[in-house]
Amino acid sequence: MAHHVSCPAIKNILLLDSEGKRVAVKYFSDEWQTNSAKLSFEKFVFSKTVKTNARTEAEITLLENNIIIYKFVQDLHFFVTGSDDENEIILSSVLQGFFDAVTLLLRNNVDKREALENLDLILLCLDEIVDGGMILETNGPLIAEKVTSHNMDSDSPLSEQTLTQAWATAREHLTRTLLK
């Protein structure tokens, strides 16, 4: 029998606020059957990570046989969960892709208010990154571009131009932060 190469499985991607309440979440695993099971998982993950300093770098933790990679910005907490045999580098590229795409789509105003106002874009982002647990795309600018091309018929489409500008600004900002 052919050896089955397991595809990277993402169990969930969570975007929570600074109190651990959900902003946008997507589950790809049936491990959490009910909404209350999901909410208590979110609360648990939040309580275990809230005191860490995941603002400069993404952090990794192992909780109940799950690897969780997370990063905080302003009042938003980003999490990606995979099983404990999952490759951390893959999980972290999913987190980074999600984070970069959200940063671009929110035009560098990464905070809860902005996220809630653009929730549809963030949810589209999640669909572009993972489908049924399988990773489709981890390149932030590409994810953002796909999301905005879906949204071109909306009132204020992010044109190629603004996306390129946003990315340049984000890069410039990042470089400045790193050089401090």
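Between atom CG of residue L126 and atom CD1 of residue I10 there is a gap of 11.5 Å, rounded to the nearest 0.5 Å. A distance of 10.5 Å separates CG of L105 from CG of D100, quoted to the nearest 0.5 Å. Distance CD/Q96 to OG1/T103: 8.0 Å, rounded to 0.5 Å. Distance check, rounded to the nearest 0.5 Å: CG of L14 to OG1 of T81 gives 5.0 Å. One distance of note links CD of E42 with NE2 of H77; it measures 13.5 Å at 0.5 Å rounding. Taking NZ from K21 and NZ from K43, the interatomic distance works out to 7.5 Å, rounded to the nearest 0.5 Å.
Under the 4.5 Å side-chain contact rule for hydrophobic residues, I69 and V45 do not share a cluster. Cluster membership for L106 and L123, using ILVMFWY side-chain heavy atoms within less than 4.5 angstrom, is shared. Linking Ile, Leu, Val, Met, Phe, Trp and Tyr residues whenever their side-chain heavy atoms come within less than 4.5 Å leaves V25 and L121 in two separate clusters. V80 and L63 fall into different hydrophobic clusters, defined by Ile, Leu, Val, Met, Phe, Trp and Tyr side-chain heavy atoms under 4.5 Å apart, directly or through other members. Criterion: ILVMFWY side-chain heavy atoms under 4.5 Å apart, direct or through other members. Under it, L119 and I13 are part of a common hydrophobic cluster.
You'll find the side chain of K48 stays beyond 4.5 Å of the side chain of T61, heavy atoms only. Side-chain contact between S92 and I60 is absent, with no heavy atoms from C-beta onward closer than 4.5 Å. N66 has its side chain within reach of K11: a pair of non-hydrogen atoms, C-beta onward, lies under 4.5 Å apart.
Checking side-chain atoms of N87 against main-chain N and O of I89 turns up a donor-acceptor pair under 3.5 Å. Using modelled atom types, no side-chain atom of Y27 and backbone atom of W32 make a donor-acceptor pair closer than 3.5 Å. Side chain of E86 to main chain of A9: a donor-acceptor pair is present (N/O by atom type, distance under 3.5 Å, no hydrogens or angles).
For the residue pair L16 and F46, the shortest heavy atom distance occurs at CD1-CB, 4.2 Å.
Identified under the ring pair (Phe, Tyr, Trp, His ring centres under 6.0 Å) test for residues 79-98, with sequence neighbours left out: Y70-F79, F78-F98.
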task = Show your reasoning for whether side chain to side chain contact (heavy atoms under 4.5 Å, CB included) applies to R22 and K38.
result = CA-CA 10 Å; R22 55 167 67 165; K38 289 174 182 172; 3.7 Å; yes

task = Take I129 and K26 through the side chain to side chain contact (heavy atoms under 4.5 Å, CB included) test and state the conclusion after the steps.
result = CA-CA 11 Å; I129 299 169; K26 194 134 186 165; over 6 Å; no

query = Can you list the steps and then say if K71 with L95 is a side chain to side chain contact (heavy atoms under 4.5 Å, CB included)?
reply = CA-CA 8 Å; K71 188 177 167 90; L95 177 74; 3.9 Å; yes

ask   = Taking it one step at a time, do F44 and E64 satisfy side chain to side chain contact (heavy atoms under 4.5 Å, CB included)?
value = CA-CA 10 Å; F44 170 68; E64 294 181 339; 3.8 Å; yes

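Residue L62 qualifies as enclosed at atom CG: its count of foreign heavy atoms under 6.0 Å is above 12.
Not counting sequence neighbours, D131 has no partner by the salt bridge (charged side-chain N to carboxylate O under 4.0 Å, His left out) test. For the side chain to side chain contact (heavy atoms under 4.5 Å, CB included) test, residues two or more places apart in sequence or in another chain that qualify with Q74 are D111.
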